[in-house]
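Some notes on the structure that comes next.
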Amino acid sequence: VYTCSASCAPRARVADAQRALCEPPPGAEGDEARGLRAAGTRVPGDAGEIAQIVAAANKGCDITALMSSVTNMHSVAALIKQLLRELPEPLFTFDLYADFVRAGSQSSSLTGDAASQRRFEAAAKGLLARLPESHVALLGWLFRLLSELVQYTESSKMTIGNTAAVFTPNLLRPREETISMLADMQ
């Protein structure tokens, strides 16, 4: 049970959450301790465990202490996705939604020639430069974590495509969803 004791100092900061989600608990070793080899980031975590952790964190409990007591590694992935999904504004901001979608559609049509690759990279860097600094910092942390995850595709079953399918909807969304937008996503 995750409770907020009187000794829990309010520390619900992004840096604490990043550290807690990224570092293994004391005494654990390596990538397996961090759950990177666990099969399926798409597997839902323990809903009860997630609800208890969120409630305790919302009361101001130390996030690092909470995360070190997680028993289901799928709950950690679910917590990351929930944190991203519940941000008031996605990390790829509402104002840049159309620009990111356009850049994404251009990337899928790259022919492989160096010139088109450089144009796409320049466009992507330009878009990232327009994001708030806090968004870029959190995206950097997340992309480092996800790039580690896909190194274990054989055991985790999380290919680059699977990882993108799982995380993109939590990073990029329009201010208002319409039926036609949902149909376009199919």
Side-chain angles (χ1 to χ4, degrees), residues 11-25 28 30-46 49-50 53-54 57-58 62-68 70 72-105 107-108 120-175 185:
R11 298 183 51 183
R13 297 189 331 243
V14 170
D16 293 330
Q18 289 174 351
R19 189 171 38 262
L21 293 169
C22 200
E23 293 179 359
D31 302 321
E32 288 187 35
R34 292 180 45 206
L36 293 175
R37 294 177 191 224
T41 304
R42 296 173 292 179
V43 175
D46 179 324
E49 181 176 50
I50 293 166
I53 292 169
V54 169
N58 286 338
D62 182 322
I63 294 170
T64 302
L66 288 171
M67 293 310 297
S68 68
V70 172
N72 181 334
M73 290 313 297
H74 298 294
S75 295
V76 174
L79 283 163
I80 293 171
K81 291 182 287 190
Q82 181 175 337
L83 170 104
L84 296 170
R85 188 173 44 254
E86 292 180 357
L87 289 172
E89 179 156 21
L91 291 181
F92 295 125
T93 61
F94 292 130
D95 290 341
L96 296 176
Y97 174 80
D99 295 329
F100 276 110
V101 169
R102 192 171 19 264
S105 65
S107 75
S108 64
F120 168 73
E121 289 174 7
K125 285 179 184 177
L127 285 170
L128 291 173
R130 293 169 55 194
L131 292 173
E133 189 176 310
S134 59
H135 290 221
V136 173
L138 188 53
L139 283 166
W141 169 82
L142 179 64
F143 290 161
R144 283 188 298 278
L145 179 66
L146 296 178
S147 69
E148 281 185 64
L149 174 68
V150 299
Q151 290 178 23
Y152 301 103
T153 295
E154 189 173 313
S155 59
S156 72
K157 308 301 184 219
M158 291 303 295
T159 63
I160 291 172
N162 288 344
T163 303
V166 167
F167 281 91
T168 300
N170 301 303
L171 301 174
L172 177 69
R173 64 181 186 273
R175 194 175 309 273
M185 296 171 98

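For Ser75 (side chain) and Ile50 (main-chain N/O), no donor-acceptor pair under 3.5 Å exists by modelled atom type. Side-chain atoms of Ser147 come within 3.5 Å of backbone atoms of Arg144 as a donor-acceptor pair (strictly under, hydrogens ignored).
For the side chain to side chain donor-acceptor pair (under 3.5 Å) test, residues two or more places apart in sequence or in another chain that qualify with Glu86 are Gln82.
Using a 4.5 Å heavy-atom threshold, the side chains of Arg175 and Tyr97 count as separate. For the pair Leu79/Val54, a side-chain contact is recorded, criterion being any heavy-atom separation below 4.5 Å from C-beta on. Contact annotation: the side chain of Val101 approaches that of Leu172 to within less than 4.5 Å [non-hydrogen atoms, C-beta and beyond]. Using a 4.5 Å cut-off on side-chain heavy atoms (C-beta onward), Leu84 and Leu91 make contact. By the 4.5 Å heavy-atom criterion applied to side chains, Ile80 and Leu83 are not counted as neighbours. With a 4.5 Å cut-off on side-chain heavy atoms, Phe92 and Thr168 do not count as touching.
In plain terms, the two heavy atoms of Glu89 and Thr93 that are nearest each other are OE2-CB, 3.2 Å. Between Pro169 and Ala164, the shortest heavy-atom distance links the atoms CD-O, 4.1 Å. When every heavy atom of Pro90 is checked against every heavy atom of His135, the shortest pair comes out as O-CE1, 3.3 Å.
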Take Leu142 and Leu171 through the test side chain to side chain contact (heavy atoms under 4.5 Å, CB included) and record every step on the way to the result. CA-CA 10 Å; Leu142 179 64; Leu171 301 174; 3.6 Å; yes

Taking it one step at a time, do Phe94 and Arg173 satisfy side chain to side chain contact (heavy atoms under 4.5 Å, CB included)? CA-CA 7 Å; Phe94 292 130; Arg173 64 181 186 273; 4.1 Å; yes

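More than 12 heavy-atom neighbours from other residues, nucleotides or ligands sit within 6.0 angstrom of CG on Leu87.
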Atom pairs and distances, side-chain donor-acceptor, residues 122-134, under 3.5 Å, sequence neighbours left out:
unit_1, atom_1, unit_2, atom_2, d
Arg130, NH2, Asp99, OD2, 3.4

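Atom OG1 of Thr163 and atom CE of Met158 lie 4.0 Å apart (nearest 0.5 Å).
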